Each structure stands twice: as C-alpha cells, then as structure tokens.
Amino acid sequence: MSKVFLCDHPLIQHKLTYIRDERTNTKDFRELVDEVATLMAYEITRDVPLEKTTVKTPVAVAEAKIISGRMLGLIPILRAGLGMVDGILKLLPAAKVGHIGLYRDPDTLQPVEYYAKLPTDVLERELIVIDPMLATGGSAIAAIQMLKNRGCKQIKLMCLIAAPEGVKAMQEAHPDVDIYTASIDDYLNDHGYIIPGLGDAGDRLFGTK
Ligand SMILES: O=P(O)(O)OC[C@H]1O[C@H](OP(=O)(O)OP(=O)(O)O)[C@H](O)[C@@H]1O
Ligand SMILES: O=c1cc[nH]c(=O)[nH]1
Ligand SMILES: [Mg+2]
C-alpha cells in the first residue's frame, strides 16, 4: 500500500489558507501555488540519497555530500498542474518536464486524454506527477497509467488538496505510488468538487472564470 505524506509545515498550511480564500485574486493565487510547490518540493525530496564527496574551500578540504545522480522528471497534468512546475524547478532545476493533457468530463467525471509529450529518457527518470487537485482520482490514476504503459516505474504524486475518495482510489489503482499532499479535505460534492477545497484550480490559476 502506498504512503500518504501530509505536508503540514506551517508555511505550507498558512499559504494554503490564502489559496483557498475566494477573495484571493488570480495573481496572488498563482504566486501562492508557486510558493507552496517549492516548499512541497523540499518535502518530497527528503528521501533523496546523498553520496560523499570532498570540496576545497578557500582554507581547507571539506568532507561534503552531494545528491547522487538521480534523474527526475516532472509530469504536470494540464492545465492546473502547470501552476506548480516553476516552483518545483526552483529547487530541482535539472529535472525535465513532460506534459499530460487530461480534462475531466463534467457529466461523467471521467478523464479525457488530449495530449502527452514526455522526455525521451523518461524511463530512466524518477517521476513526480503534479496536479493541485486529487478529487475522484480519475485524472491522476489515468495519467499514471499512461506513464506505466510506457514502462515508467518510479512515480510519486504531488497535489495540494486531496479528497479521501481520491486517495482511496489512487491507493487501490496504484499501490506503489506515494502521495504527497498539503491537505486531505472532507469529501466530494455531487459535482465532484472537493469540499471545502479551493474551487476549480485551473480556472483560478488562469483566470478563466
Ligand atoms: O481527481 P479528478 O476527479 O480527476 O479531478 C481532478 C482533476 O480536475 C481538474 O482538472 P480539470 O478537469 O478541471 O481540467 P483543467 O485543469 O484543464 O481545468 C484538476 O486539475 C485535476 O486534473
Ligand atoms: O474541487 C475540484 C475538483 C476537481 N478539480 C478542481 O479544480 N477542483
Ligand atoms: Mg478545471
């Protein structure tokens, strides 16, 4: 069974409150999501292995550590996942970025695929699938299945807000994929929106409503 990591650092929780607030405008919403993504990148890389090295300072040689050569790939789910990419790249600038386009059919709530462009060396990379909202889980489950169908193996999921229903569905569909989230909210309403949530993440990021 996959693990669920609740990123409960006070800075993340503080910023998430303003992200949820309906009065937060598009500019501030985008900046806050970007900042939280950076903070979550710090949390999601906690288990990255280090190796020993030495470095010459101006006065001596220091025993030091560097991250061992792991290659990362960020896979935002369009559109809303895009809002978290730059924030993560600030800490992981060597990561490559692949895009998966999915939208949720408003009637059936089923994910509909419309785009996929992945790094050519995606199979050699550890992947972080990024989407602020894990609602029914349908989109993230489908995106991860698309990656697995291509042979990808080491995958984590990063979201801002998860519904209990989405966490359960993800764990059943992909028990090998750990979930990193800043909150597990209460439930999904009849339209598949996370309650209390933040509304429609894509619309709030891009000002389309
Ligand atoms: O867990 P699910 O029930 O699948 O719902 C979550 C999905 O819904 C939203 O995308 P949406 O379909 O609104 O597309 P958009 O990002 O283009 O607005 C969100 O960004 C997730 O991708
Ligand atoms: O609450 C929700 C659920 C799905 N997608 C969103 O953007 N928000
Ligand atoms: Mg949307």
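Ligands are counted one by one from 1 in listed order, and the atoms in each one are counted from 1 as well. Fair warning: this is a prediction, and the values are worked out from it, not measured in the lab. Note that the numbering runs from 1 along the sequence shown for the chain.
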At under 4.0 Å between heavy atoms, what of Ala201 touches ligand 1? The answer is neither
(Q) Can you tell me if Leu123 has over 12 outside heavy atoms packed within less than 6.0 Å of its CG? (A) yes
**Message:** Any nitrogen or oxygen of Tyr103 lying under 3.5 Å from a nitrogen or oxygen in ligand 1? Just yes or no.
**Reply:** no
In this structure, CE of Met158 is separated from OG1 of Thr181 (nearest 0.5 Å) by 10.5 Å
### Query
Can you check whether Leu102's main-chain N or O pairs, donor with acceptor, with Glu113's side chain at less than 3.5 Å?
no
| said: If we only consider heavy atoms of Arg104, is any one of them less than 4.0 Å away from an atom in ligand 2? | reply: yes
Answer yes or no for Gly192: is there a heavy-atom contact with ligand 2 below 4.0 Å?
-> yes
Side chains of Arg20 and Ser183: any donor to acceptor distance under 3.5 Å?
yes
Side chain or backbone, does Ile194 bring an N or O within less than 3.5 Å of an N or O on ligand 2? yes
### Message
Using a distance threshold of 2.8 Å, state whether an N, O or S atom of Asp203 lies below it from the Mg ion (ligand 3).
### Response
no
Handout entry: Lys153 atom NZ, neighbour heavy-atom count above 12 within 6.0 Å
Key = no
of all protein heavy atoms, closest to atom 13 (O) of ligand 1 is Asp200 OD2, 3.9 Å
Note: Arg79-Asp203 ion pair, threshold 4.0 Å (strictly below): yes
field: Heavy atoms from other residues, nucleotides or ligands near CZ of Phe206 exceed 12 (cutoff 6.0 Å)
entry: yes
From the list Thr53, Leu50, Val55, side chain to side chain contact (heavy atoms under 4.5 Å, CB included) with Lys65 holds only for Leu50
Using a plain distance cutoff, I'd like to know if Ala80 has any nitrogen or oxygen under 3.5 Å from a nitrogen or oxygen of ligand 1.
yes
* Asked: Heavy-atom distance under 4.5 Å between the side chains of Ile19 and Phe29, does that happen here?
  -> yes
- Exam field: side chain His191 to backbone Tyr193, donor-acceptor pair closer than 3.5 Å: no
**Q.** Verify atom 9 (C) of ligand 1: protein non-hydrogen atom under 4.0 angstrom away
**A.** no
Touching ligand 1 at all, Leu109? Heavy atoms, strictly under 4.0 Å?
no
Quick look: Thr136 vs ligand 1, heavy-atom contacts under 4.0 Å, and the answer is both
Within 4.0 Å of some non-hydrogen atom of Met133, the atoms of ligand 2 are 1 (O), 2 (C), 6 (C), 7 (O), 8 (N)
In this structure, atom 11 (P) of ligand 1 is nearest to the protein heavy atom Arg104 N, 4.2 Å
Taking the basic N atoms (NZ, or NE/NH1/NH2) and the acidic carboxylate oxygens, is any pair closer than 4.0 Å for Asp121 and Arg125?
yes
of all protein heavy atoms, closest to atom 8 (N) of ligand 2 is Gly199 O, 2.8 Å
- Does ligand 1 have an atom that lies less than 4.0 angstrom from a heavy atom of Gly137? yes
The Mg ion (ligand 3) has as its nearest N, O or S atom from Asp200 the atom OD1
for atom 7 (C) of ligand 1, nearest protein heavy atom and its distance come out as Ser139 OG, 3.5 Å
Does the pair Asp176/Lys156 count as a salt bridge with the N-to-O cut at 4.0 Å? no
Atoms of ligand 2 under 4.0 Å from any heavy atom of Ala135, numbered from 1 in the order shown, are 3 (C), 4 (C)
In terms of its nearest heavy atom to atom 17 (O) of ligand 1, the top option of Glu165, Met133, Gln110, Arg79 is Arg79
Might you confirm whether atom CD of Glu22 has over 12 heavy atoms from other residues, nucleotides or ligands at distances under 6.0 Å?
no
Going by the 4.0 angstrom heavy-atom rule, the piece of Ala201 near ligand 2 is both
heavy-atom search around atom 20 (O) of ligand 1 in the protein gives Asp131 OD1, 2.9 Å
